[in-house]
Structures are given as C-alpha cells and as structure tokens.
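Following: one structure in structure tokens, then a few remarks.
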Amino acid sequence: MRLAGFEMKKLFLRLPILIALLLFTVFDLFKIAGTLRDLSWIEADEDWKRVYWEQYEKYSGEITLDKINALLEVYRPLEEATHDLTATTHGGVEGTLTGNLYSDRNLLERYYVDPMERFYTYRNSALEVVRAARENVELYESLGSKYEARKNAVIARLYSGRQITDFYFTEGWKLYLNYDFSTVLIFLLVLYALSRSFACDSQCRMTELILTSAGGGIPSVIAKITAATAYIFAVSVWFSAVDFAGFALMSNLTDAGNMPVYAVSGFMEASVELTLFAYSAAGAMTRALGFWALGMVFLLLSEAGRHALAPFALGAGVFLLCTLAGARWGYSSRALFKVLNPYSLLVNRLLYGRTEFVKPLDIPVLTWQAGLVFTFLLGVCAAVLALLFGGKNKLQRGL
C-alpha cells in the first residue's frame, strides 16, 4: 500500500501533469462552446434561441393530442404559405415569430414538428420491430436455425414496451453523446504519464535496486498497476464530468435527462434500456474501462526501453491503429471488428447505439456485452504480462 501511494503521488502530483490537466480542462470547455456554436442552429441564431424557449413551455412535457393540434395550427399555415416558395423573404412580417415566414417554418419543423412526430410514432415503430422479430422466431425455429431464432427473441425482448411519452429539448444530448474531443485529451494524459512509469526507474537505476530485494519487483509492479488504474479512472471520469457539466451549462440537458436514450436522434436502435442520465454515467464508466485496458498496454510497453520516448511512440502507434480501425469499421456491419477494438469503448455509441450481435459458440451476444468482456480481458492480460516481465527477481535466479 505504501508503494502504491508513492506511485500515485508520482502520477497525480507531478507539476507537468497538473498543468496539463488544468489547460486541457479549459481547452475542453472552449471546444464544447465551439461545438454548440457551430452545430446548433439555436445557439448560432439569437432569434431562433429566443423564440424556441418562448414556445418551449407550451409544448414540453407529456405529449398530448391537444399539444400536437396546437402546434399544427401554427405550423400548417406556414407550410402552406411557403410551399410554392412565393412567400415574401423579407423580415419584420407582422404576426410571425422570428419576423420571417421561412424562418418560422424551418424553426418549428426542425425543433418541434419533426421531433414530436418521431417521439409520438416511436411506439408504433417499436411494436413493428417486435412483431417482425416474433415472426422470425417462429420461422427460424421451423427451419432449425437456433441462432437466428435466439437472436430475434432477444430483439423482441429489447424493443417490447418501448415508447416515448414526453417532449423535451434533446439537441444538447445529441451533441453531447457524439462529442469525442475529450477522448484525445485523456489519451495524451494517460500515455504521457504511463510511458514514463518504468522509464523513470530505469533512468535512475532504481530497477536494479528493486530486483535485488527479497520481494523482487513484483510488489513494485503491482503498485504501478494499482496507481495506474486509479489515475486512468480518475482522469477519464474527470473529463466525462467536465463534458457533461459543459453541455449542461451551455445547453439544456436537465429537462430530457429522464427520457430513454432512444429518444435522441441516432440512438433509435439503441441496444440498452437506460435513461439519458443513466446512459451518460454508463458511457463514462465504459470509456474509463476502455482507457484502462489501453493503459495496461501502455504500461506493458513502458517496460520496453530505458527512456520514455520509445514507449510513448509505441503507445501512440497502438492508439492510432485502434482509431483508424474504429473509423474504418465502427459504422460497418462487421460487428466483430468493433468488439475486438478497445476504441469502441472510448466512442461507445458504436456499441450501445445499435442493436448488433456476435455469436460465440452460436449464442447471440450483444456487441456491447462482448466488447466489455473482451476489453476487460485484454487489460487483465496486459497487466499480467507487465507483472511477469517487470517483476523478475534476480536474487532468486542466483544472479
């Protein structure tokens, strides 16, 4: 425990790391602000922002026929007036919300009509999926295809009872769940710290002293693994919290937090039954697990040389390969490539956002379940190898 505490001080209390953590946090918040400014139409247009939140109280909350009819009473005249593109394009039109007919139509269509229709009709879409899946179960059972029958049974259970009963602002959640910039910041902090872990001991010849002790290097390596685990989870969870706080402060996340994750555009086929608040917490821990596995690989690589440059370069190469593989196959139908890539846990919408399966032993397993198991085992194997290679006792070998 004393060794672990010493290793934690080396990781957490080094001035370069503290400075980098502070600068990266500020940089992350500026990047979040830029993301909202560039990708959110509401944040980019003050008139839209003002009008949207003025109308929000009328339509937010439980979706009812009265709210739908009230919205259509405002939207349909705008749709008819602008349908043939002959309406005036001038601003300051009396009786409009933003001063322009086309702007009114686009605002209501993008932020009220389309999402409310998607929410209201999602239950029917889910029921159709359940119906088709149950029919497939019967079909594949009659054909003797056990795997396909089991897979469709899982799909029927996943989508059974799905519905979206409330209307709230979800654009902030969409941008938050697709925000990846902080992943790069975490990677840099983790790789920089861990690539020096064994190199510093080698440079000051501490490795030779440790390996001549009665306990050998095993306690030292266990302490490094323990400290590295705490450091990785702390840094990863910290930036997940910064991301959430940044989007929550700059874009409304609280209202829709108890809506199901499949209410967000792009997550309609999500393979998890979680609220958005719960999904953000699960995503944070999933990303931390992915970085832990990669961190154990970085720690193993840090034993490769006496200086930090070689492990840093090797670790960067591993991360680059994982990233390129994720970019190449992350949105493909080749589910196994996602499962075998720790990058999928760092950008975990690749696993949670779609209902996909792999079939070990001809059993349907959701990609996020298989991905978590594989990445955990990868991290354990890397940690064990680091322990074996870094904990040799020269005294016990008669040296």
Side-chain angles (χ1 to χ4, degrees), residues 59-68 71 110-141 147-178 252-286 330-331 333 335 338-339 344 347-359 363-372:
Y59 306 115
S60 61
E62 183 181 1
I63 299 175
T64 63
L65 289 177
D66 289 340
K67 291 181 180 179
I68 293 174
L71 175 61
R110 182 180 181 88
Y111 285 104
Y112 283 106
V113 176
D114 287 350
M116 189 173 289
E117 181 182 12
R118 177 163 52 85
F119 295 166
Y120 188 73
T121 60
Y122 185 84
R123 180 175 180 272
N124 292 334
S125 300
L127 287 173
E128 182 63 24
V129 171
V130 173
R131 183 193 63 78
R134 287 173 177 169
E135 289 179 354
N136 288 339
V137 170
E138 296 179 2
L139 172 63
Y140 286 118
E141 284 180 346
Y147 170 75
E148 290 296 335
R150 291 170 181 168
K151 185 179 78 171
N152 279 274
V154 173
I155 293 173
R157 287 197 301 271
L158 275 176
Y159 284 79
S160 180
R162 285 193 176 189
Q163 60 180 337
I164 304 172
T165 58
D166 298 319
F167 174 85
Y168 289 111
F169 180 69
T170 59
E171 184 185 62
W173 279 101
K174 179 183 178 181
L175 296 176
Y176 165 64
L177 296 180
N178 286 276
N252 187 357
L253 298 187
T254 55
D255 286 357
N258 289 316
M259 294 182 70
V261 66
Y262 46 79
V264 175
S265 176
F267 286 79
M268 295 181 68
E269 299 177 0
S271 55
V272 290
E273 289 277 351
L274 295 172
T275 66
L276 286 167
F277 280 146
Y279 179 82
S280 65
M285 297 311 297
T286 299
Y331 292 95
S333 59
K338 304 174 192 179
V339 169
S344 298
V347 187
N348 45 70
R349 62 180 177 275
L350 300 178
L351 298 178
Y352 293 127
R354 300 174 66 178
T355 303
E356 296 177 314
F357 298 85
V358 291
K359 52 176 184 177
I363 299 173
V365 178
L366 288 165
T367 50
W368 69 264
Q369 297 171 333
L372 289 176

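Since this is a predicted model, take the numbers as computed values, not measurements.
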Check whether any side-chain N or O of Arg354 sits under 3.5 Å from a backbone N or O of Tyr331 as a donor-acceptor pair, and report yes or no.
yes
Angle between ring planes, Tyr279 versus Tyr352, binned at 30° and 60°: parallel, tilted or perpendicular?
perpendicular
Nearest-0.5 Å distance, OH of residue Tyr122 to CG of residue Leu127:
10.5 Å
Would you sort out whether Glu273 and Arg162 count as a salt bridge (charged side-chain N to carboxylate O under 4.0 Å, His left out), showing the intermediate values?
CA-CA 9 Å; Glu273 289 277 351; Arg162 285 193 176 189; 2.8 Å; yes
When rounded to the nearest 0.5 angstrom, what is the spacing between CG in Asp255 and CG in Asp166?
10.5 Å
Tightest non-hydrogen contact, residues Ser160 and Val130, listed as N-CG2, 3.5 Å
Are the side chain of Lys67 and the backbone of Glu62 linked by a donor-acceptor contact shorter than 3.5 Å?
yes
Is atom NZ of Lys174 surrounded by more than 12 heavy atoms (other residues, nucleotides or ligands) closer than 6.0 Å?
no
Salt bridge (charged side-chain N to carboxylate O under 4.0 Å, His left out) between Glu138 and Arg134: does it pass, once the steps are laid out?
CA-CA 7 Å; Glu138 296 179 2; Arg134 287 173 177 169; over 6 Å; no
Any side-chain to backbone donor/acceptor pair from Tyr168 onto Asn258? Under 3.5 Å, distance only.
no
Check whether any side-chain N or O of Asp114 sits under 3.5 Å from a backbone N or O of Arg110 as a donor-acceptor pair, and report yes or no.
no
Taking the side chain as every heavy atom from C-beta outward, state whether Glu148 and Asn136 have any atom pair closer than 4.5 Å.
no
If I take atom CG from residue Leu351 and atom OG from residue Ser344, how far apart are they, to the nearest 0.5 angstrom?
4.5 Å
Measure across Val358 and Ala370 and return the closest heavy-atom pair with its distance rounded to 0.1 Å.
CG2-CB, 3.7 Å
If you compare all heavy atoms of Phe357 against all heavy atoms of Pro364, which two are closest, and at what distance to 0.1 Å?
CD2-CB, 3.9 Å
Less than 4.5 Å apart, side chain to side chain, heavy atoms only: is that true for Phe277 and Leu253?
no
Heavy-atom distance under 4.5 Å between the side chains of Met268 and Ser125, does that happen here?
no
So among Phe169, Phe119, Phe167, which one has a ring pair (Phe, Tyr, Trp, His ring centres under 6.0 Å) with Tyr112?
Phe167
Would a 4.5 Å heavy-atom cut-off, applied to side chains only, mark Leu177 and Arg349 as touching?
no
When you compare the side chain of Met259 with that of Trp173, does any pair of heavy atoms fall below 4.5 Å?
no
Neighbour count >12 (heavy atoms, 6.0 Å) for atom CD, Glu135
yes
For the atom pair CG (Asp66) and CG (Leu71), what is the distance rounded to the nearest 0.5 Å?
12.5 Å
Which heavy-atom pair separates Leu276 from Pro260 by the least distance, and what is that distance?
CG-O, 4.1 Å
Count the heavy atoms belonging to other residues, nucleotides or ligands that lie under 6.0 Å from OH of Tyr120, then report whether that count exceeds 12.
no
Which atoms form the tightest heavy-atom contact between Val272 and Val261, and what is the distance?
O-CG1, 3.8 Å
Please tell me whether Tyr159 and Thr355 have a donor and an acceptor in their side chains that are separated by less than 3.5 angstrom.
yes
Value rounded to 0.5 Å, distance of OG1 in Thr121 from CD in Gln163
12.5 Å
Close side-chain approach of Val339 and Val365, heavy atoms under 4.5 Å
no
Check Thr367 against Ala335 and note the closest heavy-atom contact, atom names and distance.
CG2-CB, 3.5 Å
Inter-residue atom distance Asn152.CG - Glu141.CD, 0.5 Å rounding:
10.0 Å
